[in-house]
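Quick notes on the structure that follows.
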There are 2 protein chains.
Amino acid sequence: MTPDNNPEERSAPLYKTAYSKRRKRPDIIADHVRDRIVTAGLTVGERIPSEWVSPEELHVSRGTIREALKILEFQGLITSKTGPGGGLFVSTIEQDDAIRLLDNLFLSNPPSIPDIYALRKVLEPELAAGLAGSLSKDQISELQSCIHLYEDEPTSADEEYRQRLAELDFHTCLARSSPNQLLGFVCNFLLSLLRDKTECRAIYSEPTPWAMRDTGLNYQVRLLRALKAGEVQIARTLMRDHMIEAESFMIKRAVMLRR
Amino acid sequence: MTPDNNPEERSAPLYKTAYSKRRKRPDIIADHVRDRIVTAGLTVGERIPSEWVSPEELHVSRGTIREALKILEFQGLITSKTGPGGGLFVSTIEQDDAIRLLDNLFLSNPPSIPDIYALRKVLEPELAAGLAGSLSKDQISELQSCIHLYEDEPTSADEEYRQRLAELDFHTCLARSSPNQLLGFVCNFLLSLLRDKTECRAIYSEPTPWAMRDTGLNYQVRLLRALKAGEVQIARTLMRDHMIEAESFMIKRAVMLRR
DNA sequence: AGATATTTGTTCGTATGTATT
DNA sequence: TAATACATACGAACAAATATC
């Protein structure tokens with residue numbers, strides 16, 4: 001597997017076999033390097049030995065290696081530093097970066113509002129349940145400041161829109177606070193989908209005529225209270241009801257806008 | 001700063017301003033090209049004009065451009081074809097590519113089994129519910145062939161392991177068939193996490209001593225029956241019970257292995 | 001502070017592979 | 001089969017960044 005520096009046996013380098021499968025050298029090298037990183041158990045911040053990416057060892061040119069490294073860098077797996085003591089380092093990916101990538105995936109055929117809410121209806125309640133009683137003081141005050149942003153009656157269409165987004169931010173806050181990172185990530189992703197959907201943007205920028213706004217606010221105040229009190233079951237059902245209501249609201253507005 | 005063979009008209013190429021923000025040329029070029037693609041409204045399969053990526057227009061070398069294109073290719077936004085009539089084409093991202101990306105995100109701190117199952121317990125039942133009564137003949141036979149793979153008693157540890165993976169494949173099949181693409185995607189992602197977790201690999205390769213295997217098989221047969229019959233509620237509860245049982249099984253085995 | 005060494009970043013000319021005609 | 005058009009790969013040289021002496 002490991003190519004040797006002996007120039008005689010030129011070695012059917014690692015890409016040779018796989019190349020027939022139409023995978024290109026940089027991709028194969030990227031996989032190879034990633035593999036070495038994880039099997040060696042390198043963790044964030046550690047330096048990647050330069051031999052691992054040297055043209056001699058890999059039997060490819062520097063340019064090709066650079067393409068491979070570009071992939072890994074784009075993935076957020078590595079970063080590079082110039083200068084002495086510099087080199088390639090294992091890095092960590094930000095959730096936001098990953099979500100942007102996912103947004104890209106659903107750009108061509110965005111999921112419908114019912115599709116998104118099918119997930120939100122079951123996940124957000126779990127999120128709330130997991131948070132009940134385990135919120136720190138900081139997290140609580142952060143959530144409270146989110147609510148303050150849309151406590152007042154909006155005076156303009158623009159403010160209305162901003163308030164709507166702040167409501168989503170409330171949920172983003174919740175997701176960030178979750179002890180279950182995976183759950184938080186998926187919830188965040190769903191929120192990002194909602195934010196990006198042009199259909200939703202249109203809905204959000206519309207004024208909210210009914211008493212919808214108040215009931216929405218009401219939910220969140222009651223939810224926060226339940227979370228503080230550690231009432232797991234109450235938090236769960238509260239959130240579920242909120243999601244059900246939010247979905248029907250969105251759908252209703254969507255059909256109104258379509259005319 | 002900019003190497004430019006024509007010192008007269010330095011031409012403030014597009015990367016110039018952003019370069020101060022430490023973003024590297026390939027990244028900027030990738031963004032630039034992506035932007036041109038979406039603003040021009042190019043759709044899948046269409047050819048990208050070669051001027052858009054020519055060294056002359058972009059004022060960078062081919063190598064740098066290739067790094068940029070590598071990013072876009074990895075993102076799944078473009079593919080390249082060699083030969084006459086070849087070139088760069090707009091492509092679509094495969095779910096699998098996106099999932100690989102996500103796997104990467106959780107590589108450094110993988111979610112625990114309870115974390116994963118917190119999601120599976122609520123999502124898989126929804127998946128099953130959405131599938132009830134709407135499966136095509138092809139999809140049903142595909143699911144059935146999945147079950148056949150682990151109908152027989154495993155004769156070796158290796159076969160045991162393969163059967164275990166086939167069980168996951170059953171769920172992957174379900175996820176692929178979902179009319180809700182988003183739901184299918186997330187379920188698939190969770191399955192991929194399970195497959196990759198070293199802890200889970202160890203569990204799967206262990207023999208299954210109790211009657212666990214039978215009950216697992218039993219679930220899936222009953223589930224398939226409910227799906228064919230269009231029994232939404234039954235499918236949902238069946239899957240939920242299955243998930244609960246699977247989780248407790250995994251957790252039990254995990255603590256056994258830790259000793 | 002300045003020279004130097006080390007490491008990544010970029011360029012450019014050239015060569016090779018591959019699919020179409 | 002040969003010519004053609006395109007992507008892919010190579011490698012030597014140069015530029016920029018930065019830690020160390």
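Protein chains get the first letters and strands the later ones, always in sequence-line order, with residue 1 at the start of each.
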Can a side chain N or O of [X] be found less than 4.0 Å away from OP1 or OP2 on [N]?
{"X": "Arg25(B)", "N": "dT10(C)", "result": "yes"}
{"X": "Arg66(B)", "N": "dT10(C)", "result": "no"}
{"X": "Thr82(A)", "N": "dT8(C)", "result": "no"}
{"X": "Ser80(A)", "N": "dT7(C)", "result": "no"}

Grab the [atom1]-[atom2] distance between [X] and [N] for me, whole Å please.
{"X": "Phe89(B)", "N": "dC6(D)", "atom1": "CZ", "atom2": "P", "value": "10 Å"}
{"X": "Ile65(B)", "N": "dC6(D)", "atom1": "CD1", "atom2": "P", "value": "16 Å"}
{"X": "Ile29(A)", "N": "dT8(D)", "atom1": "CD1", "atom2": "P", "value": "14 Å"}
{"X": "Leu88(B)", "N": "dC6(D)", "atom1": "CG", "atom2": "P", "value": "12 Å"}
{"X": "Glu67(A)", "N": "dC10(D)", "atom1": "CD", "atom2": "P", "value": "10 Å"}
{"X": "Arg47(B)", "N": "dT20(C)", "atom1": "CZ", "atom2": "C1'", "value": "13 Å"}
{"X": "Lys24(B)", "N": "dG9(C)", "atom1": "NZ", "atom2": "P", "value": "4 Å"}
{"X": "Ile48(A)", "N": "dT8(C)", "atom1": "CD1", "atom2": "P", "value": "10 Å"}

Using a heavy-atom cut-off of under 4.0 Å over every strand shown, decide if [X] touches base, sugar-phosphate, or nothing.
{"X": "Pro26(A)", "answer": "sugar-phosphate"}
{"X": "Gly87(A)", "answer": "sugar-phosphate"}
{"X": "Gly86(B)", "answer": "sugar-phosphate"}

Inset, instruction - Tell me which of Gly85(A) and Lys70(B) sits closer to the 5' end of DNA chain D, going by the nucleotide each one is nearest to. - result: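 Its nearest nucleotide lies further toward 5', so the answer is Lys70(B).
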Inset, instruction - Of all the heavy-atom pairs spanning Phe89(A) and Ile48(A), show the shortest one and how long it is. - result: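 Heavy atoms only, the tightest pair is C-CD1, 4.2 Å.
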Inset, instruction - Rounded to the nearest 0.5 Å, what's the gap from CZ on Arg66(B) to OG on Ser61(B)? Could you check? - result: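 Between Arg66(B) CZ and Ser61(B) OG, I get 11.0 Å after rounding to 0.5 Å.
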Inset, instruction - Report the distance from atom CD of Gln181(A) to atom CG of Asn109(B), rounding to the nearest 0.5 Å. - result: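 One gets 4.5 Å once the value is rounded to the nearest 0.5 Å.
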Legend entry - Pair of N/O donor and acceptor under 3.5 Å linking dT14(C) base with Arg62(B) side chain: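 Between dT14(C) and Arg62(B), which were checked side chain against base, a qualifying N/O pair under 3.5 Å is present.
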Legend entry - Distance-only side-chain donor-acceptor flag, Thr43(B) / Glu46(B), under 3.5 Å: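 Yes - a donor-acceptor pair under 3.5 Å links their side chains.
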Legend entry - Pair Asp169(B) + Arg176(B), salt bridge at N-O below 4.0 Å: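 Answer for the salt bridge query: no.
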